[in-house]
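Below is one structure, written out as structure tokens; comments come after it.
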Amino acid sequence: MLDIQQLRNELDLVAVKLAKRGYEFPVEQFRALEQKRKVIQTETQELQAKRNTVSKQIGIAKQKGEAVTAMMAEIANLGDNLKQFENQLEQIQSELQKILLVTPNLAHESVPEGKDDKNNLEIRRWGEPRVFDFEIKDHVTIGEQLGMLDFETASKLSGARFNVMKGGIACLHRALAQFMLDTHTLEHGYTEIYVPYLVNADCLRGTGQLPKFAQDLFVAQSGAEIKSDPTDLVDQGVGKLHLIPTAEVPLTNMVSDKIIPYEQLPLKFVAHTPCFRSEAGSYGKDTRGLIRQHQFDKVELVHIVHPLRSFEALEQLVHHAETILQKLELPYRVMVLCSGDMGFSAAKTYDIEVWLPAQNTYREISSCSNCEAFQARRMQARFRNENGKTELLHTLNGSGLAVGRTLVALLENYQNADGSITIPSVLKKYMNNLDRVSI
RNA sequence: GGAGAGAUGGCCGAGUGGUCGAAGGCGCUCCCCUGCUAAGGGAGUAUAGGCUCAAAAGCUUAUCGAGGGUUCGAAUCCCUCUCUCUCCGCCA
């Protein structure tokens, strides 16, 4: 959420900045609401103050045994009048809130301007794509020929965009997650966290998925709820649990409604979780293979930091994610997203793209964002600064990495002519010291 | 699933209609005293808003799990919900 003070003070400037990322802010509507708000709020508070003082006087008078009828008469009509103002104010506030809740974050000044992913900037590249001396296969073919990727069974069980892994590939998948967790906890100083995979709507509002992106989520309902009243549609969505689309949601919300002493900063969390995304609106995109699934595993990194440190932390975060690819010896490049391609909550985002030989291109495997105070403001995540004052924290998140896509990269980059997969040296200890996955 | 208890400030905990944003204690900050330490004395110590405003400051509103209601007035009474705990049952 943007700072409403900033919107009041420099509305036009903010609107221009939002336009740069392709968002048209309802300037006139906001201005009108603000004008009304100011008048109504002042009036409401004056009436409340009056009610409070007179009520207090009544109390005092009663204790002394004095007559109170005069005072009672004085505020006889105040109640109804006040109620009206309060209702009006509440309505205006909620309309302002609605606008704020769907307004994306402002792009940081270092973010390149642009409309879509074509304007993203490559800032560095690591590793050389391997040259193959045989006809390469994509990960689907490799996995199916090994008998270890079974999309047919998956679709029988759950439909499109699910997968079943078996044997060596299932193990490799597990090994990857374990390797990532170990690296981040032992070498990068993260605290490993286990979190719920079902979260309430407040959490999703806190990180910015709700209210705007409800269609991208899966909603879970307990069987008891369905049975008790199957026709009740009134409370749909609210109070229901959602499957997490990323561990960013539970991890970041750990500090919601909290005031952290500044000595404890920065907090660095890592969690390995499944992620669930409805992928509405991506019909026909990446329909083959593991690239785009309704359920996938991810190792997520979250930083909770002092506002002056957040851009420094972003560089660290990207570096931590890159380390995984370097240790796996997978070639990649780092992109800085342009203003138009960034996610809702981000002020600045780096994407890491891994080389996929079968697609002959780099594909996103990690997205690292500094959300500045945008999420913290939504979830009231604060810290007590050096002067004892409370201040909003800055939050960052990044994949470290998407496990499913890392597996894809591994299968394709480490494939051999005979259809087997070489196991990268850093993974061997998680794979019973095997050298290869083969039939 | 059955029975019961509870939710108050950083923490503990009092408060069952009126000068209560909230006693008392702990913790923390500052000061005093004490040749160290311990003990003691004093002052301060929630959060989010709004208005005036360059700022400092002042004034003001809301908040005692959440929402609604009664009342001139609600932490306190009524209703609904959520969560936590205890016992029993069931269960990975």
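These numbers come from the heavy atoms of this one structure, side chains and all, not from hydrogens, waters or symmetry mates. Quick note on labels: first sequence line is chain A, next is B, and so on, each numbered from 1.
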(Q) For A:V102, is there any backbone N or O sitting under 3.5 Å from a side-chain donor or acceptor partner on A:K212? (A) yes
Taking atom types as modelled and ignoring hydrogens, do the side chains of [X] and [Y] form a donor-acceptor contact shorter than 3.5 angstrom?
| X | Y | result |
| --- | --- | --- |
| A:Q209 | A:D216 | no |
| A:R436 | A:S420 | yes |
| A:E315 | A:Y350 | yes |
| A:E95 | A:Q29 | no |

Sorted by position of nearest nucleotide on RNA chain B, 5' first, the leading residue of A:Q380 and A:K50 is A:Q380
*Sugar-phosphate only, base, or nothing, as touched by A:T390 at under 4.0 Å among non-hydrogen atoms*: sugar-phosphate
Any stem touching RNA chain B, meaning at least three consecutive Watson-Crick or G-U pairs under 3.5 Å, ordered by first number, would be B:1-7 with B:82-88, B:10-12 with B:24-26, B:27-32 with B:40-45, B:46-52 with B:57-63, B:65-69 with B:77-81
Between the protein and nucleotides 69-76 of chain B, which nitrogen or oxygen pairs come in under 3.5 angstrom?
unit_1: B:rC72; atom_1: O2'; unit_2: A:S55; atom_2: OG; d: 3.0
unit_1: B:rC72; atom_1: N4; unit_2: A:K62; atom_2: NZ; d: 3.4
unit_1: B:rG73; atom_1: O4'; unit_2: A:S55; atom_2: OG; d: 3.0

- Can you tell me, in whole Å, how much space there is between the C1' of B:rG15 and that of B:rU86? 25 Å
| field | Test log, rule side-chain hydrogen bond (donor to acceptor under 3.5 Å, both in side chains), inputs A:S282 and A:E279 | value | CA-CA 6 Å; A:S282 63; A:E279 295 298 338; 3.2 Å; yes
With A:T141 as partner, the option from A:R288, A:Q415, A:E412 fulfilling side chain to side chain donor-acceptor pair (under 3.5 Å) is A:R288
Nucleotide N/O of nucleotides 9-17 of chain B paired with protein N/O under 3.5 Å:
none

(request) Quick one: sort the A:H294 and A:F162 rings into parallel, tilted or perpendicular, breaks at 30° and 60°. (result) tilted
Donor-acceptor contacts, no H, no angles, side chain residues 368-377 of chain A, under 3.5 Å, sequence neighbours left out:
unit_1: A:S369; atom_1: OG; unit_2: A:T349; atom_2: OG1; d: 2.8
unit_1: A:N370; atom_1: OD1; unit_2: A:E372; atom_2: N; d: 2.8
unit_1: A:N370; atom_1: ND2; unit_2: A:S310; atom_2: OG; d: 2.9
unit_1: A:Q375; atom_1: OE1; unit_2: A:T395; atom_2: OG1; d: 2.7
unit_1: A:Q375; atom_1: NE2; unit_2: A:T207; atom_2: O; d: 3.0
unit_1: A:Q375; atom_1: NE2; unit_2: A:E248; atom_2: OE2; d: 2.8
unit_1: A:R377; atom_1: NH1; unit_2: A:M1; atom_2: O; d: 2.5

Polar atom pairs between nucleotides 50-52 of chain B and protein, under 3.5 Å, N or O only, would you list them?
unit_1: B:rG50; atom_1: OP1; unit_2: A:R8; atom_2: NH1; d: 2.1
unit_1: B:rG50; atom_1: OP1; unit_2: A:R8; atom_2: NH2; d: 3.1
unit_1: B:rG50; atom_1: OP2; unit_2: A:Q5; atom_2: NE2; d: 3.0
unit_1: B:rG50; atom_1: O4'; unit_2: A:Q41; atom_2: NE2; d: 3.1
unit_1: B:rG50; atom_1: O3'; unit_2: A:R37; atom_2: NH2; d: 2.6
unit_1: B:rC51; atom_1: OP1; unit_2: A:R37; atom_2: NH2; d: 3.2

Show me the donor-acceptor pairs within less than 3.5 Å that the side chains of residues 171-186 of chain A make with the rest of the protein, sequence neighbours left out.
unit_1: A:D182; atom_1: OD2; unit_2: A:Y430; atom_2: OH; d: 2.6
unit_1: A:T183; atom_1: OG1; unit_2: A:F179; atom_2: O; d: 2.8
unit_1: A:H184; atom_1: ND1; unit_2: A:H188; atom_2: ND1; d: 3.1
unit_1: A:H184; atom_1: NE2; unit_2: A:G400; atom_2: O; d: 2.8
unit_1: A:T185; atom_1: OG1; unit_2: A:L181; atom_2: O; d: 2.9
unit_1: A:T185; atom_1: OG1; unit_2: A:D182; atom_2: O; d: 3.2

